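Worth knowing before you read on, the calculation uses all heavy atoms, side chains too, and leaves out hydrogens, waters and symmetry mates. Keep in mind the model is a prediction, meaning the values are calculated, not measured.
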Number of protein chains: 2
Amino acid sequence: MTDHGADSLRPFFEANSVAIIGASRKMGKAGYNIIDNLLRFGYKGEIYPINPSAQTILGLAAYPNIAQTPKLAELVIIVLPPPLVLPAIEECAARRVKSVIIESAGFAELDRSGALVEKKIAETARRAGMRLMGPNSVGTINPSKNLVTSFPHLRLCLPDGRPIRPGSVAFIAQTGLFSFTFLPLMDAELEISKVACLGNKCDVDECDLLEYLADDPATKVIVMYLESIKDGRRFFRLSRRIVQDKPIIIFKSATTPLGAKVSASHTGSLAGEDRIYDTAFRQLGIIRAGSFDQLFDIAKALTYCPLPKGNRVAVLSNTGAGCVTAADACARSGLKIAELCGETLAKARTVYPDWWQVKNPVDVLTAVETSGFARGFTTLTRLVLRDDGVDAAVLVVGAVDFLAEEDVSIFFKDMAKEFPGKPLLVVNLLGDRRIYHRLSQRYKSFGITTYETVEGAIGALAALCRYQQYRQNA
Amino acid sequence: MTDHGADSLRPFFEANSVAIIGASRKMGKAGYNIIDNLLRFGYKGEIYPINPSAQTILGLAAYPNIAQTPKLAELVIIVLPPPLVLPAIEECAARRVKSVIIESAGFAELDRSGALVEKKIAETARRAGMRLMGPNSVGTINPSKNLVTSFPHLRLCLPDGRPIRPGSVAFIAQTGLFSFTFLPLMDAELEISKVACLGNKCDVDECDLLEYLADDPATKVIVMYLESIKDGRRFFRLSRRIVQDKPIIIFKSATTPLGAKVSASHTGSLAGEDRIYDTAFRQLGIIRAGSFDQLFDIAKALTYCPLPKGNRVAVLSNTGAGCVTAADACARSGLKIAELCGETLAKARTVYPDWWQVKNPVDVLTAVETSGFARGFTTLTRLVLRDDGVDAAVLVVGAVDFLAEEDVSIFFKDMAKEFPGKPLLVVNLLGDRRIYHRLSQRYKSFGITTYETVEGAIGALAALCRYQQYRQNA
């Protein structure tokens, strides 16, 4: 739908007024949850609940239909049973509504007759110059406007009930997980600029959103979960331009014939040949993730780390197994274990006992025992980051309470600022998930990203290297 | 060292008296930590701190040397600087000590002269009929005796300061991580029978421990992290026998030339050709893990799930992306998406709206919206588990607070007991790590194991299937 331009997508994230067709007084219903979410997250715009039989909903004046709202809503959300959706779209068209999200399910993802109705909906919208997200969308999020159109009840989603912090990572997904389940993780370990759940993509698709996000000043990193790509040609043309500026990371599922079959009944989409995508992604500098895990791992590295100048890695670990598994992971993902220069080695010896031989990966346990955690670990970290032969460093420590207690993260407080050109990734081996959570929050406040596993950190670093290499050669 | 027999290893886990050569009054020193760990974990045997200049350590009478303890210690731990270790071993030999753990480092893993001393140590021990674990070991754990010989200070390791619960999973590792960093995770998501950190394996090796654990009634599952295998022939002969009874899961690292090189300076061992291991493991029914993550994932499944009769999986997910990614993961790991029988499909329809089409993977969101979480999700779970065409079920839900709040795990309370022949694995997608921790504890109390990722659960289930298949064909 290139003729609309990216501006036509602004209301999905920046609307100053939102109408909810299918608004409900019953807690737990989508038409209630959306309004409650908007109120609780502190949305400042107008909210118009549309319900033919209610006077007020959640303290807001309700309207019998979209034609009777005080002003034309900039964004309309439809959460009606499937048979009522097309009539509602016709009503919106008559009222000249410009942006609609259909959060109802039961269309192309269900059966052929659903697909037919969906087609009529799309045609109606197109004729009226209306942009349509969905059907089967879970909604959009823009933290900087406190605009949340998700239908799951998010009241307890962020543990302390506060609004989502605005950040720089945009999520485009053919799933509602990013509008809901993943939110606490996205908020804890990243920071969100925009979220959009595409649903069946009967109008707005990943390309439209890419165009919009390319020009969105808040967005620095684009994360996508896709089961299919609607217009490959346009997608790759857009991506080629955008990745020069903003990295794009994609978890493309439905990669097996079985997965593709299941996807058809999830979002009614055809998955296409996986190898073709793989080649195209690589040629275009798009970073591919193989799971949601990897998607987050790589997004964290791209958000908090500078791009490394090369692939020479220093590993510092307070466990020998950390050194060995990191070396294995580096070898498998095309990273090199850096050779430390003579000066680094000589200075490193000062925090070890006489009999120790320093080498990379650096086993820091003996240094910590000899010189204490603060001096041992931080001296070695600074030394390797200062070494011209090192492009990035990975620290491996344990997420256990004796460390949390001693607050070792504080020793790395200024490390990211001190070495702005070199990625520093911390692995907090589990350990205890609660302690990991606490540690990761603290490191994040120092601009350092953390990982549960050595493989996760090294994999993310390797993705950074490949992206940087692509940009240099492009 | 086959001539000793497995009985010679009992003192490492069941000693009624422990002497610590190198005992220290200084908190943080290994010789202090070991004693404090023993006391705090409630060890009931005798503890003899050996220190030439101390009267008491941590309230215990100290002795100037091993010859002067009231009784012969059944287990001696040595935590001295490297040059003092050989003389201490000679002293132990003179006193006819039968079991020693050397937790000092600085031997074969360091350099050639260290390797020479290590060889002398091993010879001295052999001549004296002494069994030796290490050097460079972090110690052993036996929760049922409250025997903990780890030198890291574990006082804050288990968050509530209680002893480790005795269980059925044994960990043999060429790393100290299982004696320390991983303990909270091992305790939270599994239950420990024995832990041994092998160190440099100058005498006791993985084969000796396999023999011991084969006859250990508490141990049902054997988990190993190895960088090398000392005696492949013996290892494979033993494994072939043991896996008929008890599954063996191995994370063998140092699989790349780079990793192997690093391993040589970690535990002084030679890694060997990876492909040979891979083939041998497969032929012998040993389950191979590719990371610590996978090691735990598979161990959890083997501990809490029955072995499935076949590879036909039912997936129930409250997110479409869960269905698609599970189908992809099944296809990739040789599992089948089960075909549900007519009766199951007909009964399943009762919890959905009329227009819904039930199929496997089962998207339960609409059923939950229509019939509530309890009725929707549990009806469908029971139906698929009752279906003769289904061998195992994987549930995908989100680890978010609105679920924890409604305590949905309770609906699955009796499910594992109700279907004792079919594995049931729950994926609690992150979400929030703290909530995941809480949920996983609750599910575990119902005998159900949980995973953070779809790929983790499906991978573990596939390992169960392969193991069962091996046992059936053997």
(request) Could you look at Gln357(B) and say if it's the side chain, the backbone, both or neither that has a heavy atom under 4.5 Å from chain A? (result) both
(message) If I compare all heavy atoms of Gly106(A) with all of Trp355(B), which pair ends up nearest, and what's the gap?
(response) CA-CZ3, 3.5 Å
(message) Using side-chain contact (heavy atoms from CB on, under 4.5 Å), reason through Arg332(A) and Thr255(B) one step at a time and then give a plain yes or no.
(response) CA-CA 10 Å; Arg332(A) 260 185 248 117; Thr255(B) 53; 3.1 Å; yes
(request) Side chain from CB out, backbone as N, CA, C, O: work out which of these in Ala331(B) comes under 4.5 Å of a heavy atom of chain A, or both, or neither. (result) both
(message) Heavy-atom cut-off 4.5 Å, strictly under: side chain, backbone, both or neither for Lys359(A) against chain B?
(response) side chain
(message) With rounding to the nearest 0.5 angstrom, report the CZ to CG distance, Phe180(A) to Asn318(B).
(response) 7.0 Å
(message) Applying a heavy-atom distance below 4.5 Å, give me the residues of residues 321-329 of chain B that approach chain A, sorted by number.
(response) Ala321(B), Cys323(B), Val324(B), Thr325(B), Ala327(B), Asp328(B)
(request) Could you tell me which non-hydrogen atom of Pro184(A) sits nearest to which non-hydrogen atom of Gly431(B), and how far apart they are? (result) CB-O, 3.7 Å
(message) Just verifying a value: how many Å separate Leu110(B) CG and Thr366(A) OG1, rounded to the nearest 0.5 Å?
(response) 9.0 Å
(message) I'd like to know whether His437(A) forms a side-chain contact (heavy atoms from CB on, under 4.5 Å) with His437(B), so could you lay out the CA-CA distance, the side-chain angles of the two residues, the decisive distance to 0.1 Å, and finally the verdict.
(response) CA-CA 11 Å; His437(A) 177 86; His437(B) 177 85; over 6 Å; no
(request) Give, for atom CD of Glu189(A) and atom CG of Leu430(B), the distance between the pair rounded to the nearest 0.5 Å. (result) 8.0 Å
(request) Measure the spacing between CG of Asp187(A) and CG of Asp432(B) and express it to the nearest 0.5 Å. (result) 10.0 Å
(request) Could you tell me which portion of Ser291(B) (side chain, backbone, both or neither) has an atom closer than 4.5 angstrom to a non-hydrogen atom of chain A? (result) both
(message) Is Phe151(B) close to chain A through its backbone or its side chain, or both, or neither, when contacts mean heavy atoms under 4.5 Å?
(response) side chain
(request) Assess whether side-chain contact (heavy atoms from CB on, under 4.5 Å) is satisfied between Glu455(A) and Gln294(B), documenting all intermediate values. (result) CA-CA 11 Å; Glu455(A) 292 79 12; Gln294(B) 280 181 21; over 6 Å; no
(message) Does any backbone or side-chain atom of Tyr225(A) lie under 4.5 Å from a heavy atom of chain B? Answer side chain, backbone, both or neither.
(response) side chain
(message) Looking at every non-hydrogen atom in both residues, tell me the closest pair between Phe182(B) and Leu429(A) and how far apart they are.
(response) CE2-CB, 4.1 Å
(request) Sort Phe251(B) into side chain, backbone, both or neither according to what part of it lies under 4.5 angstrom from a heavy atom of chain A. (result) side chain
(message) Are more than 12 heavy atoms, taken from residues, nucleotides or ligands other than Gln441(A), located less than 6.0 Å from that residue's CD atom?
(response) yes
(request) Identify the heavy atoms of Val262(A) and Pro361(B) that sit nearest to each other, and give their distance. (result) CG2-CD, 3.6 Å
(message) For chain B, which candidate among Glu452(A), Met186(A), Glu369(A) shows the most heavy-atom pairs at distances under 4.5 Å?
(response) Glu452(A)
(request) Check whether any side-chain heavy atom of Thr181(A) lies under 4.5 Å from a side-chain heavy atom of Thr319(B), and answer yes or no. (result) no
(request) Quick one: pull up CZ in Arg434(A) and CZ in Arg438(B) and give me the separation to the nearest 0.5 Å. (result) 10.5 Å
(request) Let me know if Pro82(A) has heavy atoms under 4.5 Å from chain B in its side chain, its backbone, both or neither. (result) side chain
(message) So for Lys29(B), is it side chain, backbone, both, or neither that comes closer than 4.5 Å to the heavy atoms of chain A?
(response) neither
